[in-house]
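Structure first, then comments.
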2 protein chains.
Amino acid sequence: PSQDALAAATQRQSQLTKPAGALGELEQIALQLASLQGRECPTLQRPWISIFAADHGIAAAGVSAYPQAVTAQMVANFAHGGAAICVLARQIGAAFEVVDVGVLSSTAALPEVVQAKVAPGTANLLEAPAMTEDQCLAALAVGQAAVARALAHGADIFIGGEMGIGNTSSASALATIFLNTEVVQLVGPGTGLDAAGVIRKASLLSQALQLHAARCHTPLGALTTLGGFEIAALCGAYIAAAQAGLPVLVDGLISSVAALAACRLHAGVRDWLIFGHQSAEPAHVRVLAELDARPLLQLGMRLGEGSGAASAYPLLQLACALHGQMATFASAGVSTRDA
Amino acid sequence: PSQDALAAATQRQSQLTKPAGALGELEQIALQLASLQGRECPTLQRPWISIFAADHGIAAAGVSAYPQAVTAQMVANFAHGGAAICVLARQIGAAFEVVDVGVLSSTAALPEVVQAKVAPGTANLLEAPAMTEDQCLAALAVGQAAVARALAHGADIFIGGEMGIGNTSSASALATIFLNTEVVQLVGPGTGLDAAGVIRKASLLSQALQLHAARCHTPLGALTTLGGFEIAALCGAYIAAAQAGLPVLVDGLISSVAALAACRLHAGVRDWLIFGHQSAEPAHVRVLAELDARPLLQLGMRLGEGSGAASAYPLLQLACALHGQMATFASAGVSTRDA
């Protein structure tokens, strides 16, 4: 981030024809983007969306309202343009790709899918670590490769999304470690468990966390033991984006847990993160607080896929346009306050 | 509103490839627009923005951080495209007009301004009713005429905005009557009063409300006595839009008070209102609660001009696109829950 650009943008903001602060968060977003892009007037024109899909061994324990086959079915839906994020990508003019980083079945028959499978699903973390460390490093590299593609495309903001039946379980377990709390504080309905299902999910995750406690003392250890391939890929993408100076628009709970993991691995990542929305999944507000993040939207969304981030993107464009195109008090001949 | 279209849209929503409710407020917006447009899949393509500008006699009492001349200066800024709402209108592809419904000085030298001046500013409501009833009716008709222009243009949603130094005072006084509360509960900083200024503003408005109590027993009486010409114009526009079946996207405090006045005059108006944002001005949350309204955005904006509503417009477009373009479980071959 550039302090000079931030100072110039702050000075510009103070001269625009509106009371100071009257555009609220839209002003703050413009200033953040100015500092990230290193120029007084930021612009956004080429958003990029990578969806990482993977299966979770814990799905065998029945922690989701949907069958595990939905992961692969939704990958096909992404490939064919029918999923929510596909519609949003078209609406906001984003480049879009879906990456198989660990779907249980083969997705090779879908030419639109980027093939980067680390393994056909994680191990069931109720019984064993979800991944080996080599697998976790490979998944991080899959995210890094996605950012390389985004940069080659000329992207100016990166949106990561995920699909993986069972992944709120994985994310809740990871958040429990990163927030140093009890899993029962964080577990929610995911795609639609009822109250008994939520209690059972919390009980299973509590057992898993006891089983793996010794493996979770480092961020990489926790990610390896409790994570999903798609969560590790998002984590790797966020780190790579920050290192390349590419701003990131973060989605909901799963993405935010990946972002928190990325910040624990490299604290400098945080500067590059903009938070799109606050999910209805109860753990999200806690994870956001840990990241000191105030998302732009609170619309009760809980879909994942990058859908909350993509929905927030138009606000970033509006913030840039307001910052760059509004008249100043001097140019418009408008009196300043208390004049 | 069409119950048949609502039922068809609700049925469609249940078949889209996502967990039920996972798109949160975006689903509700799509359903509301479906019922308002009378079709299963609503679309929005031609937004229209009318900004009503007028001066307030109470500005002479120093209730604003800005001099009264700013109203006319900002009208010129609207005409020349430099104000925040002008930038937003260009970004969202909205037709845009600014209407002089009561600016103190002449705006006739600006050919872009719609000339509809009822009087050069209201009377100072600390001393006399702000308007005569004839003036109030004339201002309501100015709003009605704006909706007629929007309809002639083929607009599919109406955004009203306002500019008027002193108009948070007028709006706070009106809200005090409509909410049957004490003015001190509602007065805020407007464009930037300090704490002492807010207390003084509350004290002045309390005196005015005592002076005019007998005139404020009917909605039209309150609007005539305490309103501004731009608030009455917004009120008239909202009524006319509802009567014509044109959905309305409501902006912040001033607009919401006008919307509340409209609903008190004609209860059927409420169905046609969508609320864009929750202002940082403290009275707004109370007025929204009275209207049973949950705005889409909470971005700490407090500018007026229709800026919060225009900022929310892209979310309406996304909601329509998601509703109309997502694949269904059947068409995409995705399993339903608990399958």
Side-chain angles (χ1 to χ4, degrees), chain A residues 16-26 28 64-67 69-70 73-74 76-77 80-84 86-88 90-92 190-192 280 296-305 307 310-311 314-315 317-318 321-322 324-328 331-339, chain B residues 16-26 64-67 69-70 73-74 76-77 80-84 86-88 90-92 190-192 280 296-305 307 310-311 313-315 317-318 321-322 324-328 331-339:
Chain A
L16 301 179
T17 47
K18 60 179 177 52
L23 288 172
E25 298 292 325
L26 296 183
Q28 298 308 311
S64 174
Y66 284 79
V70 166
Q73 290 164 353
M74 283 299 296
N77 200 19
H80 297 146
C86 305
V87 176
L88 294 169
R90 290 195 293 269
Q91 288 292 121
I92 70 174
T191 50
L296 285 163
L297 297 176
Q298 297 93 33
L299 293 172
M301 299 171 71
R302 50 180 175 79
L303 180 61
E305 303 182 4
S307 59
S311 296
L315 292 173
Q317 284 193 302
L318 295 182
L322 288 163
Q325 297 173 30
M326 279 181 68
T328 62
S331 72
V334 174
S335 304
T336 53
R337 57 172 293 163
D338 306 318
Chain B
L16 301 179
T17 48
K18 59 178 179 52
L23 288 172
E25 298 292 325
L26 297 183
S64 173
Y66 285 79
V70 166
Q73 291 164 355
M74 283 299 296
N77 200 20
H80 297 145
C86 305
V87 176
L88 294 170
R90 291 195 292 270
Q91 288 292 122
I92 69 173
T191 50
L296 286 163
L297 297 176
Q298 297 93 34
L299 293 172
M301 299 171 72
R302 50 179 175 79
L303 180 60
E305 301 182 5
S307 59
S311 296
Y313 175 77
L315 292 173
Q317 285 193 299
L318 295 182
L322 287 162
Q325 297 173 29
M326 277 181 71
T328 62
S331 73
V334 173
S335 305
T336 53
R337 58 171 291 162
D338 304 321

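All values below come from the heavy atoms of this structure, side chains included, with hydrogens, waters and symmetry mates left out. Note on naming: letters A, B, ... go to the chains in the order of the sequence lines (proteins, then strands), and numbering restarts at 1 for each one.
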Exercise. What's the shortest heavy-atom distance between B/M326 and A/A83, and which atoms?
Worked result: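 Minimum heavy-atom separation between B/M326 and A/A83: CG-C, 4.2 Å.
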For this session: Check B/Q73 against A/S335 and note the closest heavy-atom contact, atom names and distance.
Result: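 Between these two residues, the closest heavy atoms are OE1-N, 2.7 Å.
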Exercise. What distance do A/L303 atom CG and B/L26 atom CG have between them, rounded to the nearest 0.5 Å?
Worked result: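 Result: 10.5 Å between the selected atoms.
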Give, as side chain, backbone, both or neither, the part of [X] having an atom under 4.5 angstrom from any heavy atom of chain A.
{"X": "B/V334", "answer": "both"}
{"X": "B/L297", "answer": "side chain"}
{"X": "B/L322", "answer": "both"}
{"X": "B/A76", "answer": "neither"}

For this session: Would you mind telling me which of B/A310, B/G24, B/A20 has the largest number of heavy-atom pairs within less than 4.5 Å of chain A?
Result: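 Ranked by contacts with chain A, first place is B/G24.
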Exercise. Quick one: of B/L23, B/I92, B/L16, who has the most non-hydrogen atom pairs under 4.5 Å with chain A?
Worked result: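 Between B/L23, B/I92, B/L16, the count favours B/L23.
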Exercise. Given side chains that start at C-beta, do those of B/Y313 and A/P314 come closer than 4.5 Å, heavy atoms only?
Worked result: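 No, their side chains stay 4.5 Å or more apart.
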Exercise. Under 4.5 Å between any side-chain heavy atoms of B/R90 and A/Q325, yes or no?
Worked result: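 The answer is yes; the side chains approach within 4.5 Å.
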Top contributor to chain B interface from [options] [non-hydrogen pairs under 4.5 Å]:
{"options": "A/S311, A/A69, A/G81", "answer": "A/S311"}
{"options": "A/G190, A/G300, A/S331, A/G304", "answer": "A/G300"}
{"options": "A/Q298, A/H80, A/R302", "answer": "A/R302"}

Exercise. Which atoms of A/A280 come close to chain B, meaning under 4.5 Å heavy atom to heavy atom: side chain ones, backbone ones, both, or neither?
Worked result: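 When you check distances to chain B, no heavy atom of A/A280 falls under 4.5 Å.
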